Amino acid sequence: MMDPKLRHAGNRVFFAGVALLIIWVLLPIYLLMTNALSSPDEVTGFPKSFLPSFDLAGVTFFLGFSGVVDALWNSIRVAAVTMVLSIGIGAPAGYALSRFDFPGKEVFRFLVVMTRAFPLPLLALPLAVMFIRTGLDDTILGLALVHTTLALPFAVLITFSLFSGIPLELEEAAWTLGCTRIQAFAKVILPLAAPGIAASAVFAFVISWNEVFAAAVLTIENRTLTAFLLQSLDVSPLPLKFAGGAALVVPALIFIFAVRKYLFAMWGIANR
(Lines give C-alpha, C1' and ligand atoms only; values in the text may rest on other atoms or scores of the structure.)
Protein backbone atom coordinates (compact mmCIF):
# COMPACT_ATOMS: atom_id res chain seq x y z
CA MET A 1 0.00 0.00 0.00
CA MET A 2 1.33 3.45 -0.96
CA ASP A 3 2.57 5.72 1.78
CA PRO A 4 0.00 8.52 2.45
CA LYS A 5 2.76 11.14 2.28
CA LEU A 6 3.87 9.92 -1.13
CA ARG A 7 0.27 9.84 -2.35
CA HIS A 8 -0.29 13.38 -1.05
CA ALA A 9 2.90 14.57 -2.76
CA GLY A 10 1.89 12.85 -5.99
CA ASN A 11 -1.52 14.55 -5.88
CA ARG A 12 0.10 17.93 -5.36
CA VAL A 13 2.40 17.40 -8.33
CA PHE A 14 -0.55 16.26 -10.46
CA PHE A 15 -2.71 19.27 -9.60
CA ALA A 16 0.24 21.61 -10.07
CA GLY A 17 0.78 20.13 -13.55
CA VAL A 18 -2.90 20.54 -14.39
CA ALA A 19 -2.84 24.14 -13.19
CA LEU A 20 0.24 24.91 -15.31
CA LEU A 21 -1.40 23.31 -18.35
CA ILE A 22 -4.57 25.36 -17.85
CA ILE A 23 -2.53 28.56 -17.54
CA TRP A 24 -0.49 27.60 -20.62
CA VAL A 25 -3.68 27.21 -22.66
CA LEU A 26 -5.89 29.96 -21.26
CA LEU A 27 -3.40 32.78 -20.66
CA PRO A 28 -2.74 33.51 -24.37
CA ILE A 29 -6.48 33.44 -25.05
CA TYR A 30 -7.10 35.80 -22.13
CA LEU A 31 -4.41 38.23 -23.29
CA LEU A 32 -5.76 38.08 -26.84
CA MET A 33 -9.31 38.87 -25.74
CA THR A 34 -8.16 41.60 -23.34
CA ASN A 35 -6.31 43.42 -26.12
CA ALA A 36 -9.07 42.83 -28.66
CA LEU A 37 -11.60 44.46 -26.33
CA SER A 38 -9.40 47.43 -25.44
CA SER A 39 -8.88 50.74 -27.19
CA PRO A 40 -5.91 51.16 -29.55
CA ASP A 41 -4.18 53.42 -27.02
CA GLU A 42 -4.51 50.74 -24.32
CA VAL A 43 -3.18 48.06 -26.66
CA THR A 44 0.00 49.99 -27.41
CA GLY A 45 0.32 51.60 -23.97
CA PHE A 46 2.03 50.45 -20.80
CA PRO A 47 1.36 49.29 -18.12
CA LYS A 48 -1.35 46.90 -19.25
CA SER A 49 -4.70 46.71 -17.52
CA PHE A 50 -5.67 43.36 -16.04
CA LEU A 51 -9.25 43.77 -17.25
CA PRO A 52 -10.35 44.95 -20.71
CA SER A 53 -12.07 48.30 -21.03
CA PHE A 54 -14.57 46.80 -23.49
CA ASP A 55 -13.77 49.52 -25.96
CA LEU A 56 -14.84 48.31 -29.41
CA ALA A 57 -12.69 50.78 -31.30
CA GLY A 58 -10.22 48.02 -32.20
CA VAL A 59 -12.99 45.72 -33.45
CA THR A 60 -14.55 48.57 -35.42
CA PHE A 61 -11.17 49.40 -36.92
CA PHE A 62 -10.69 45.75 -37.84
CA LEU A 63 -14.06 45.47 -39.58
CA GLY A 64 -13.47 48.74 -41.43
CA PHE A 65 -9.98 47.77 -42.60
CA SER A 66 -9.79 47.41 -46.37
CA GLY A 67 -10.26 43.81 -47.48
CA VAL A 68 -11.31 42.36 -44.12
CA VAL A 69 -15.01 42.00 -44.90
CA ASP A 70 -14.31 40.32 -48.24
CA ALA A 71 -11.82 37.95 -46.61
CA LEU A 72 -14.31 37.17 -43.85
CA TRP A 73 -17.01 36.40 -46.42
CA ASN A 74 -14.59 34.15 -48.32
CA SER A 75 -13.80 32.25 -45.11
CA ILE A 76 -17.51 31.70 -44.46
CA ARG A 77 -18.15 30.46 -48.00
CA VAL A 78 -15.16 28.13 -48.07
CA ALA A 79 -16.00 26.72 -44.63
CA ALA A 80 -19.65 26.20 -45.61
CA VAL A 81 -18.73 24.27 -48.77
CA THR A 82 -16.16 22.26 -46.81
CA MET A 83 -18.79 21.41 -44.21
CA VAL A 84 -21.28 20.17 -46.82
CA LEU A 85 -18.71 18.11 -48.73
CA SER A 86 -17.19 16.60 -45.59
CA ILE A 87 -20.54 15.43 -44.23
CA GLY A 88 -21.83 14.38 -47.64
CA ILE A 89 -18.83 12.07 -48.09
CA GLY A 90 -17.82 11.32 -44.49
CA ALA A 91 -21.21 10.35 -43.03
CA PRO A 92 -21.89 7.54 -45.56
CA ALA A 93 -18.35 6.27 -45.06
CA GLY A 94 -18.78 6.33 -41.28
CA TYR A 95 -22.08 4.46 -41.56
CA ALA A 96 -20.54 1.82 -43.81
CA LEU A 97 -17.65 1.30 -41.39
CA SER A 98 -20.03 0.89 -38.45
CA ARG A 99 -22.49 -1.47 -40.13
CA PHE A 100 -20.54 -3.62 -42.60
CA ASP A 101 -17.62 -6.01 -42.23
CA PHE A 102 -15.30 -6.25 -45.20
CA PRO A 103 -11.66 -7.27 -45.76
CA GLY A 104 -9.25 -4.54 -44.83
CA LYS A 105 -11.73 -2.63 -42.68
CA GLU A 106 -9.25 -1.90 -39.88
CA VAL A 107 -6.55 -1.03 -42.40
CA PHE A 108 -8.94 1.42 -44.05
CA ARG A 109 -9.64 3.09 -40.70
CA PHE A 110 -5.92 3.35 -40.08
CA LEU A 111 -5.34 4.88 -43.51
CA VAL A 112 -8.10 7.42 -42.85
CA VAL A 113 -6.20 8.57 -39.77
CA MET A 114 -2.84 8.50 -41.54
CA THR A 115 -4.02 10.95 -44.20
CA ARG A 116 -3.73 13.65 -41.52
CA ALA A 117 -0.10 12.69 -40.90
CA PHE A 118 0.91 13.59 -44.46
CA PRO A 119 2.39 17.12 -44.41
CA LEU A 120 0.42 19.56 -46.51
CA PRO A 121 3.47 21.65 -47.54
CA LEU A 122 4.74 18.71 -49.60
CA LEU A 123 1.57 18.93 -51.68
CA ALA A 124 1.72 22.69 -52.19
CA LEU A 125 3.55 22.70 -55.53
CA PRO A 126 1.67 19.74 -57.12
CA LEU A 127 -1.66 21.19 -55.96
CA ALA A 128 -0.82 24.64 -57.31
CA VAL A 129 0.16 23.19 -60.70
CA MET A 130 -2.93 20.96 -60.88
CA PHE A 131 -5.27 23.77 -59.86
CA ILE A 132 -3.80 26.14 -62.44
CA ARG A 133 -4.27 23.53 -65.18
CA THR A 134 -7.86 22.79 -64.15
CA GLY A 135 -8.86 26.39 -63.49
CA LEU A 136 -9.46 25.84 -59.77
CA ASP A 137 -6.68 28.15 -58.63
CA ASP A 138 -7.79 31.16 -56.60
CA THR A 139 -11.38 29.88 -56.36
CA ILE A 140 -13.67 29.14 -53.45
CA LEU A 141 -14.38 25.62 -54.72
CA GLY A 142 -10.72 24.74 -55.18
CA LEU A 143 -9.79 25.81 -51.67
CA ALA A 144 -12.85 24.06 -50.25
CA LEU A 145 -11.76 20.80 -51.89
CA VAL A 146 -8.38 21.04 -50.15
CA HIS A 147 -10.04 21.80 -46.83
CA THR A 148 -12.38 18.88 -47.34
CA THR A 149 -9.43 16.51 -47.58
CA LEU A 150 -8.25 17.88 -44.22
CA ALA A 151 -11.65 17.60 -42.52
CA LEU A 152 -12.81 14.35 -44.08
CA PRO A 153 -10.86 11.95 -41.78
CA PHE A 154 -12.44 13.56 -38.71
CA ALA A 155 -15.88 13.44 -40.30
CA VAL A 156 -15.48 9.73 -41.05
CA LEU A 157 -14.22 8.84 -37.57
CA ILE A 158 -16.76 10.96 -35.70
CA THR A 159 -19.71 9.59 -37.65
CA PHE A 160 -18.31 6.06 -37.35
CA SER A 161 -18.26 6.41 -33.57
CA LEU A 162 -21.71 7.95 -33.67
CA PHE A 163 -23.34 5.22 -35.75
CA SER A 164 -21.56 2.51 -33.77
CA GLY A 165 -23.32 3.78 -30.65
CA ILE A 166 -26.76 3.25 -32.20
CA PRO A 167 -27.90 -0.37 -31.78
CA LEU A 168 -28.28 -2.35 -34.97
CA GLU A 169 -31.44 -3.89 -33.49
CA LEU A 170 -33.29 -0.64 -34.14
CA GLU A 171 -32.66 -0.96 -37.86
CA GLU A 172 -33.52 -4.64 -37.83
CA ALA A 173 -36.84 -3.85 -36.12
CA ALA A 174 -37.60 -1.33 -38.86
CA TRP A 175 -36.76 -3.94 -41.50
CA THR A 176 -39.21 -6.39 -39.99
CA LEU A 177 -41.91 -3.70 -40.23
CA GLY A 178 -41.39 -3.40 -43.97
CA CYS A 179 -38.82 -0.61 -44.22
CA THR A 180 -35.98 -0.83 -46.68
CA ARG A 181 -32.45 -0.12 -45.50
CA ILE A 182 -32.66 3.43 -46.79
CA GLN A 183 -36.06 3.98 -45.16
CA ALA A 184 -34.81 2.54 -41.86
CA PHE A 185 -31.82 4.83 -41.99
CA ALA A 186 -33.90 7.91 -42.77
CA LYS A 187 -36.67 7.22 -40.24
CA VAL A 188 -34.77 5.58 -37.38
CA ILE A 189 -31.02 6.17 -37.52
CA LEU A 190 -30.84 9.67 -38.96
CA PRO A 191 -33.02 11.35 -36.28
CA LEU A 192 -30.89 9.76 -33.56
CA ALA A 193 -27.62 10.66 -35.27
CA ALA A 194 -28.59 14.17 -36.36
CA PRO A 195 -27.02 16.01 -33.37
CA GLY A 196 -23.73 14.14 -33.82
CA ILE A 197 -23.72 14.72 -37.57
CA ALA A 198 -24.32 18.42 -36.92
CA ALA A 199 -21.38 18.40 -34.49
CA SER A 200 -19.19 16.75 -37.11
CA ALA A 201 -20.26 19.39 -39.62
CA VAL A 202 -19.37 22.16 -37.17
CA PHE A 203 -15.96 20.60 -36.59
CA ALA A 204 -15.32 20.52 -40.34
CA PHE A 205 -16.34 24.19 -40.46
CA VAL A 206 -13.80 25.02 -37.73
CA ILE A 207 -10.99 23.16 -39.52
CA SER A 208 -11.62 25.17 -42.67
CA TRP A 209 -12.07 28.39 -40.72
CA ASN A 210 -8.62 28.14 -39.10
CA GLU A 211 -6.64 26.68 -42.02
CA VAL A 212 -4.01 29.09 -43.34
CA PHE A 213 -1.36 27.29 -45.42
CA ALA A 214 -3.49 26.14 -48.37
CA ALA A 215 -5.39 29.43 -48.36
CA ALA A 216 -2.15 31.41 -48.51
CA VAL A 217 -0.64 29.27 -51.30
CA LEU A 218 -3.66 28.64 -53.53
CA THR A 219 -5.43 32.02 -53.42
CA ILE A 220 -4.51 35.56 -54.39
CA GLU A 221 -7.67 37.59 -54.93
CA ASN A 222 -10.02 35.33 -52.97
CA ARG A 223 -8.02 35.06 -49.76
CA THR A 224 -9.69 33.83 -46.62
CA LEU A 225 -9.40 35.74 -43.35
CA THR A 226 -6.49 33.64 -42.10
CA ALA A 227 -4.50 34.13 -45.30
CA PHE A 228 -5.36 37.84 -45.35
CA LEU A 229 -4.14 38.31 -41.78
CA LEU A 230 -0.96 36.36 -42.53
CA GLN A 231 -0.32 38.59 -45.53
CA SER A 232 -0.91 41.72 -43.43
CA LEU A 233 0.99 40.76 -40.27
CA ASP A 234 4.09 42.82 -41.03
CA VAL A 235 2.27 46.00 -42.00
CA SER A 236 -0.87 45.97 -39.87
CA PRO A 237 -1.10 47.74 -36.49
CA LEU A 238 -1.46 45.84 -33.23
CA PRO A 239 -5.21 46.50 -32.77
CA LEU A 240 -5.89 44.89 -36.14
CA LYS A 241 -3.78 41.85 -35.24
CA PHE A 242 -5.52 41.29 -31.91
CA ALA A 243 -9.00 41.85 -33.32
CA GLY A 244 -8.27 39.50 -36.21
CA GLY A 245 -6.91 36.86 -33.86
CA ALA A 246 -10.05 37.11 -31.74
CA ALA A 247 -12.24 36.78 -34.86
CA LEU A 248 -10.47 33.50 -35.67
CA VAL A 249 -10.21 32.06 -32.16
CA VAL A 250 -13.62 32.83 -30.62
CA PRO A 251 -15.79 30.95 -33.18
CA ALA A 252 -13.43 27.98 -33.05
CA LEU A 253 -13.55 27.85 -29.25
CA ILE A 254 -17.34 28.04 -29.19
CA PHE A 255 -17.76 25.34 -31.83
CA ILE A 256 -15.18 23.00 -30.29
CA PHE A 257 -16.81 23.36 -26.87
CA ALA A 258 -20.19 22.54 -28.43
CA VAL A 259 -18.94 19.31 -30.03
CA ARG A 260 -16.46 18.20 -27.36
CA LYS A 261 -18.37 15.09 -26.28
CA TYR A 262 -18.45 13.74 -29.83
CA LEU A 263 -14.69 14.29 -30.17
CA PHE A 264 -14.11 12.43 -26.91
CA ALA A 265 -16.38 9.61 -28.04
CA MET A 266 -14.42 9.34 -31.30
CA TRP A 267 -11.36 8.27 -29.32
CA GLY A 268 -13.29 6.29 -26.72
CA ILE A 269 -12.44 8.76 -23.93
CA ALA A 270 -16.00 9.41 -22.89
CA ASN A 271 -19.49 8.85 -24.12
CA ARG A 272 -21.54 11.34 -22.16
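In this text the structure is predicted, and so the values were computed from the model without any measurement.
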*Is a side-chain N or O of Asn35 found less than 3.5 angstrom from the main chain of Phe242, in a donor-acceptor match?*
no
*Partners meeting ring-ring contact (aromatic ring centres under 6.0 Å, His included) with Phe213 (sequence neighbours left out)*: none
*Answer yes or no: is there a side-chain heavy-atom contact under 4.5 Å between Ile166 and Arg99?*
yes
*Counting heavy atoms not belonging to Phe110, are there more than 12 under 6.0 Å from its CZ?*
no
_For the backbone of Leu225 and the side chain of Ser75, can you confirm whether one donor and one acceptor N or O come within less than 3.5 Å of each other?_
yes
*Would you say the side-chain atoms of Ser200 pair up with the backbone N or O of Gly196, donor to acceptor, closer than 3.5 Å?*
no
*Polar side-chain atom of Ser161 near backbone of Leu157 as donor-acceptor pair, under 3.5 Å*: no
*Rounded distance (nearest 0.5 Å) linking atom CZ of Phe205 with atom CG of Asn210*: 10.0 Å
*Mark yes when over 12 heavy atoms from residues, nucleotides or ligands other than Ile220 sit less than 6.0 Å from its CD1; otherwise mark no.*
no
*asked:* Could you go through Val156 and Leu97, starting from their C-alpha distance and side-chain angles, then the distance that decides it, and tell me whether this counts as side-chain contact (heavy atoms from CB on, under 4.5 Å)?
replied: CA-CA 9 Å; Val156 172; Leu97 284 173; 3.7 Å; yes
*Hey, quick one: are Leu141 and Ile132 part of the same hydrophobic cluster, counting side-chain heavy atoms closer than 4.5 Å, chains of contacts allowed?*
no
*CD1/Ile182: more than 12 non-hydrogen atoms of other groups inside 6.0 Å*: no
*Using the ring of each side chain (for Trp, its six-membered ring), is Phe163 parallel, tilted or perpendicular to Phe185, with breaks at 30° and 60°?*
tilted
*Does a sphere of radius 6.0 Å around CH2 in Trp73 hold more than 12 heavy atoms from other residues, nucleotides or ligands, not counting ones at 6.0 Å or beyond?*
no
